Amino acid sequence: MSQMVQAKPGKRGGIGGFFSKLWSQKQLMLMSVPIAIYVFVFNYAPMWGWITAFMKYNPKNKNLFDNPWVGWDNFKWLFNRQEWLGVLRNTLAMSLINLVFGTLSAILLAVLLNEVITKAFKRTVQTVTYLPHFLSLVIVVSMAQNIFASDGAVNQLLMRLHIIKEPVFWLGEGKYFWWLVGAINVWKEVGWNSIIYISTMTSIDPSLYEAASIDGAGRFQKIMHVTLPGIKSTFVVLLIMNIGHLLEAGFEIQYLMGQNLVIDWSQTIDVFVMKYGISKMQYSVGVAAGMFKSVVSILLLFLANFIAKKLDEDTLI
Amino acid sequence: MTDTNLTYKKPRRRQDIAFPIVNAILLILLMFVTLYPVLNTVAISFNDGTDALRGGIGLWPRVWSFKSYESLLSDPATYQAAWISVSRTVITTILNLILTSMLAFTLSRKEYVLRHFLTTMMVLTMYVNAGLIPNYLLISKTLNLSKTYWVYIIPTMFSCFNMIVLRTYISGLPEALVESARIDGAGDFRIFWQIIFPLCKPVLATVALFVAVGSWNQWFDTHLYNAGKPYLHTLQYLLKMKLATTQASANAAKSTADAMTSTTQMTPITIRCAITVVSAVPILIVYPFLQRYFVTGMVLGSVKG
Amino acid sequence: MKKLLSVLLMLALVLALVPAAIAEEEPITVSVFVGNPREQPTPDNKIFKKIEDELGIKFEFEFLAGDLDETLAIKVAGEDYADLMDGGNSADTLINSGALINLMDYISEEKTPNIWTHIQPYLGRLLYDDGSLYIIPNFGRNYNAQIQNYCNGPAFWIQKQVLEWAGYPQVKTLNEYFDLIERFIAENPTNEDGNPYTGFEILCDDWRSFCLRNPVQHLVGRPNDGDVLVDINDNYRVEAFVIQPYAKPYYAKLNEEFHKGIINKDTFVQNYDQYIAKLSSGTVLGMFDQYWDFQSATDALVTAGMDKNTYIGLPLVYDPEYVDGKEIEEHYLNGAVINVNRGYGISVNCPYPERMVQMFETLLSDEWQTILEWGIEGEDYYVENGRFLRTDEQKKNSQSQPWKNANTAYALMDGLPKKQGTRDDGNAWEPGNQPELYFDLMSDYDKAFLAAYGYKVPADFFNPPIELAPYGEAWQIDYVNEPDVSIAETDFVTTQMKYLPEIIMCDPAELDGLWDEFVQAVEDIPISTFIDYMQEQVLKLVEKNSGN
């Protein structure tokens with residue numbers, strides 16, 4: 001902890017102190033500032049595009065300012081569409097379901113795998129469970145549609161177990177849609193998502209387990225007091241990050257599975273924008289929707305980060 | 001759980017026997033649920049296309065046919081494209097690992113004055129998107145990267161998500177490592193390259209996997225920037241095009257009035273499955289090498305000593 | 001001094017040679033954008049080699065892999081146009097963005113006689129108000145007689161075995177059709193393998209949902225105008241037929257069939273692949289669709305030797321009871337319709353527009369059309385008694401994608417102006433329409449089936465094509481540049497696809513209420529935005545075309 005003096009900027013007094021500190025960190029700067037410039041060029045420079053949210057943009061106008069200004073009209077168009085609130089609700093609901101169950105299932109799988117002693121078995125399970133990540137959603141959704149059809153495997157199983165009397169119309173009733181999407185996402189990504197937790201668990205000091213054993217901790221207690229705390233910071237950081245992504249509920253799966261019969265439950269912001277954006281020459285509406293998403297995301301992100309800080313947890317920023 | 005504290009020996013033993021069994025059963029069930037659709041995809045890819053239209057194929061092809069693979073692999077363009085894909089994946093992964101971990105290291109240093117500013121700047125890139133057209137104009141017009149190989153490398157050298165993953169991992173490493181190195185007079189770059197970087201192997205393997213898979217599966221950049229240059233086509237782009245062509249020719253009768261009953265033996269269903277297999281196999285081959293690092297893990301304790 | 005002289009001499013030589021080379025039509029490479037997915041031709045493709053040898057033109061293709069509208073928007077924004085641009089179904093975006101040049105500057109009766117003959121009869125429909133033309137249509141220009149072997153478009157389809165079982169009756173109306181299906185199912189609830197038959201399928205997947213939206217216009221005796229009905233007897237009045245009182249009986253009938261178990265509710269949520277799988281299994285007795293949309297299922301059935309489970313198209317109309325006792329005459333087949341504004345345009349970036357138009361002109365000659373459509377005589381087809389035919393080997397080749405990549409110009413063909421219909425020597429311009437080739441591939445079952453009706457080709461079930469209305473077919477009317485109209489149209493489709501399945505599945509007692517709700521929802525879009533625009537365009541086209 002000899003660094004403490006350095007770690008508190010300005011303590012040494014005044015501007016001179018700051019610059020001498022900068023100088024002492026010249027290597028750190030050399031390692032980071034060029035990347036920052038790169039990121040600026042590729043991620044921030046194109047942001048001029050956002051001003052087209054306030055225009056009636058048409059790419060055929062070579063001079064950007066030949067496009068007429070329309071103020072907030074594009075945003076108003078979005079927010080005044082009667083389905084907008086439903087779209088927002090669907091987006092939030094599906095990403096929340098995905099966030100909760102996606103994270104829990106990934107952690108659960110990582111923990112279970114961590115308890116496996118046979119290396120070969122551990123590797124096999126790990127390899128097999130991440131395979132579905134590479135199946136295209138077209139294939140996955142098609143299979144899901146077969147499984148959840150009236151005469152599909154799920155209905156047959158439930159009827160054989162006498163849980164239901166007649167087939168449930170899974171795909172045709174809106175109330176099931178969010179959960180179907182959640183189930184498909186969990187199934188497809190659980191193995192993939194667990195990789196990050198598995199790799200984090202490798203950083204847990206084995207002596208902690210030994211110490212716990214000596215203290216008489218059982219298997220569950222070791223999980224509770226060693227394994228889970230060991231992945232806590234990764235969990236918190238990913239959680240904050242994903243809270244920022246709450247408006248990203250995906251596009252393809254809803255697009256593929258959401259027949260118009262269930263459109264009141266299936267349409268997400270991205271699907272909506274695809275339907276009414278570029279394909280309707282409404283370039284600016286697409287940009288406006290993207291901007292809305294970005295702004296809300298950043299607010300959510302800072303809120304989550306702030307709460308984490310208050311709770312004295314790891315933070316993203 | 002509370003009673004385990006009192007008589008912990010007995011339940012512990014029961015746990016020790018029961019838990020691994022329950023655990024193994026659970027994991028085997030999960031494997032079954034995940035493996036079935038994958039094997040089903042493989043089976044369909046080896047089935048005759050027209051026959052596959054009828055559905056109902058399980059784990060074994062009903063009418064064997066290698067036509068789908070033949071059509072994918074007999075095209076000489078496939079190999080040129082595979083070469084482009086492999087090389088871009090390797091280069092991107094290496095560059096990305098170095099740059100991303102380097103930045104992650106600097107942003108894990110609590111004393112770094114630009115830390116907060118740079119972290120915020122990087123994190124926000126995950127949430128802001130300028131939209132397709134400005135990005136296209138930047139890369140194609142301002143930077144003039146379209147119709148070049150560089151468009152596969154330069155825009156993809158850094159990823160914020162992976163940087164955060166790495167930073168979180170590095171922050172979890174014992175602070176003493178850096179301290180003692182610094183006392184020995186090592187500069188930040190040497191600390192990063194000689195101490196931190198090697199220690200990050202498990203998470204670097206994870207990040208490498210993420211980057212490689214992302215880069216390998218990319219087709220959109222070819223579509224945007226290099227579609228008119230066949231020798232720069234990537235494998236995924238080519239496969240995507242093959243699938244789209246098969247789909248389109250299934251509907252071709254619409255325009256050409258081609259009524260002749262065609263027994264093409266290749267349909268979008270089988271082609272799609274064959275494409276899935278062809279694009280996943282290289283990753284499956286590389287995977288065990290990476291998996292070694294993050295499944296087995298490293299014994300940090302010994303390093304620390 | 002000597003050195004200087006030789007340099008000057010060289011310079012003079014070069015200067016003298018350059019114009020000569022240009023006049024000689026030096027070889028050029030032309031970039032081509034195709035708004036459809038296609039595979040790259042092989043570098044030694046025989047037809048492209050021929051074009052290169054004889055016209056000095058080489059092609060560099062870019063095919064569409066992603067979303068068309070998105071791709072075109074990017075090309076417009078960056079002005080990244082290939083020399084030849086085929087914008088597919090969104091070509092209007094290119095025209096409206098000023099990406100294409102006016103071809104009429106290069107087309108005239110003297111300079112380009114082939115093109116002139118090709119477009120002259122349709123100039124009224126093709127030319128913009130200012131007399132400009134940006135695209136020479138790629139399809140729908142018939143020379144001599146239009147060949148109609150079968151119905152490639154919309155119809156009510158029924159398995160041939162059902163008609164066979166009933167003793168080959170003539171099925172003309174909606175009620176007769178469903179009655180027949182009901183009777184067949186009552187007697188044969190399952191097929192030979194014990195799998196239950198489904199009476200009627202309705203494909204509702206994405207844009208293919210026309211299977212649910214379109215039938216009513218045909219039931220009242222009109223050909224395919226897409227989402228609207230144009231009353232040619234009432235000053236071309238345009239209306240959204242699906243909300244008219246005469247549409248209700250169709251959906252009420254479907255409701256009735258649903259409750260009789262002829263329609264299964266899974267049909268409303270299945271995707272295209274599942275639909276094709278179900279058709280291919282041979283257990284679906286009937287559906288409304290367009291032939292090209294389910295052709296792959298037919299292929300699967302034929303391959304499996306299930307010819308009796310393949311389909312025949314029936315041009316059904318309403319029974320008189322649904323339309324105040326009127327007898328309706330069916331008009332499913334329409335006159336050939338020229339594909340306005342679809343095909344290649346020459347972009348403003350193209351350095352040799354004149355040469356490109358000349359290329360279209362050359363390729364439109366009879367010799368080149370034969371090469372492009374049929375291939376090389378002796379290699380890709382043979383001639384016997386003046387008829388163009390193909391050996392089994394040649395037929396097989398023409399179906400193989402790798403072979404096509406190496407031996408046909410299919411990559412270029414889509415957007416190219418081409419001759420259709422019948423050649424002066426009586427052969428079909430396109431191999432796919434050559435009757436001999438069509439009969440050759442017809443199974444014995446099919447031949448016997450048609451013979452039982454006294455027919456020769458499946459198209460005999462239909463009335464001959466009616467004369468094309470002066471506005472063409474209304475689905476061709478483009479509103480790419482009218483966001484309000486295209487939004488209204490999208491909302492129209494969405495509303496139909498949300499309500500119509502519900503109407504079909506609802507308790508019959510609730511049907512009236514639900515129907516009113518549906519009509520109200522469509523009117524609230526407001527649908528008038530769409531209809532008014534279509535009305536305006538139809539009248540404009542009628543006016544333009546009655547001029548010549």
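Just so we're on the same page: letters track the sequence lines, and every chain starts at 1. The shown structure was predicted, so the numbers you read here are calculated from the model rather than taken from an experiment.
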Report which part of [X] has an atom under 4.5 Å of a heavy atom belonging to chain B: side chain, backbone, both, or neither.
| X | result |
| --- | --- |
| Thr127(A) | both |
| Ile117(A) | neither |
| Met29(A) | both |
| Tyr44(A) | side chain |
| Thr118(A) | neither |
| Trp48(A) | side chain |
| Leu30(A) | neither |
| Thr315(A) | backbone |

Chain B contacts, top residue of [options] (heavy-atom pairs, under 4.5 Å):
| options | result |
| --- | --- |
| Gly230(A), Ser297(A), Pro46(A) | Pro46(A) |
| Thr234(A), Thr124(A), Leu135(A), Val237(A) | Leu135(A) |
| Glu115(A), Met143(A), Met241(A) | Met241(A) |
| Val287(A), Thr200(A), Ile139(A) | Ile139(A) |
| Thr52(A), Val39(A), Val33(A) | Val39(A) |

Name the member of [options] that forms the most heavy-atom pairs with chain A at distances under 4.5 Å.
| options | answer |
| --- | --- |
| Ser171(B), Gly187(B), Gly131(B) | Gly187(B) |
| Leu26(B), Val203(B), Val33(B) | Val33(B) |
| Val277(B), Leu209(B), Ile269(B), Ile44(B) | Leu209(B) |

Heavy-atom contact with chain A under 4.5 Å, split by part of Arg272(B):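 Backbone plus side chain of Arg272(B), per the 4.5 Å heavy-atom cut-off to chain A.
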Identify which part of Ile275(B) has an atom lying under 4.5 Å from any heavy atom of chain A, answering side chain, backbone, both or neither.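 Contact with chain A is absent: no heavy atom of Ile275(B) under 4.5 Å.
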Establish, yes or no, whether a centroid distance under 6.0 Å links the rings of Phe42(A) and Phe158(B).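 Centroid separation for Phe42(A) and Phe158(B): 6.0 Å or greater.
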Partner of Asn23(B) by side-chain contact (heavy atoms from CB on, under 4.5 Å), out of Val111(A), Leu112(A), Val125(A):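 Only one of Val111(A), Leu112(A), Val125(A) forms a side-chain contact (heavy atoms from CB on, under 4.5 Å) with Asn23(B), namely Leu112(A).
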Side chains of [X] and [Y]: closer than 4.5 Å at any heavy-atom pair?
| X | Y | value |
| --- | --- | --- |
| Val128(B) | Asn43(A) | no |
| Tyr57(A) | Ile133(B) | yes |
| Leu301(A) | Val123(B) | yes |
| Thr168(B) | Leu316(A) | no |

Is the count of non-hydrogen atoms from other residues, nucleotides or ligands lying under 6.0 Å from Lys26(A) atom NZ greater than 12?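 Result for NZ/Lys26(A): enclosed.
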Just by distance, no angles: are the side chains of Tyr112(B) and Ser32(A) close enough, under 3.5 Å, to form a donor-acceptor pair?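 A pair is found: one side chain offers a donor N or O, the other an acceptor, under 3.5 Å apart.
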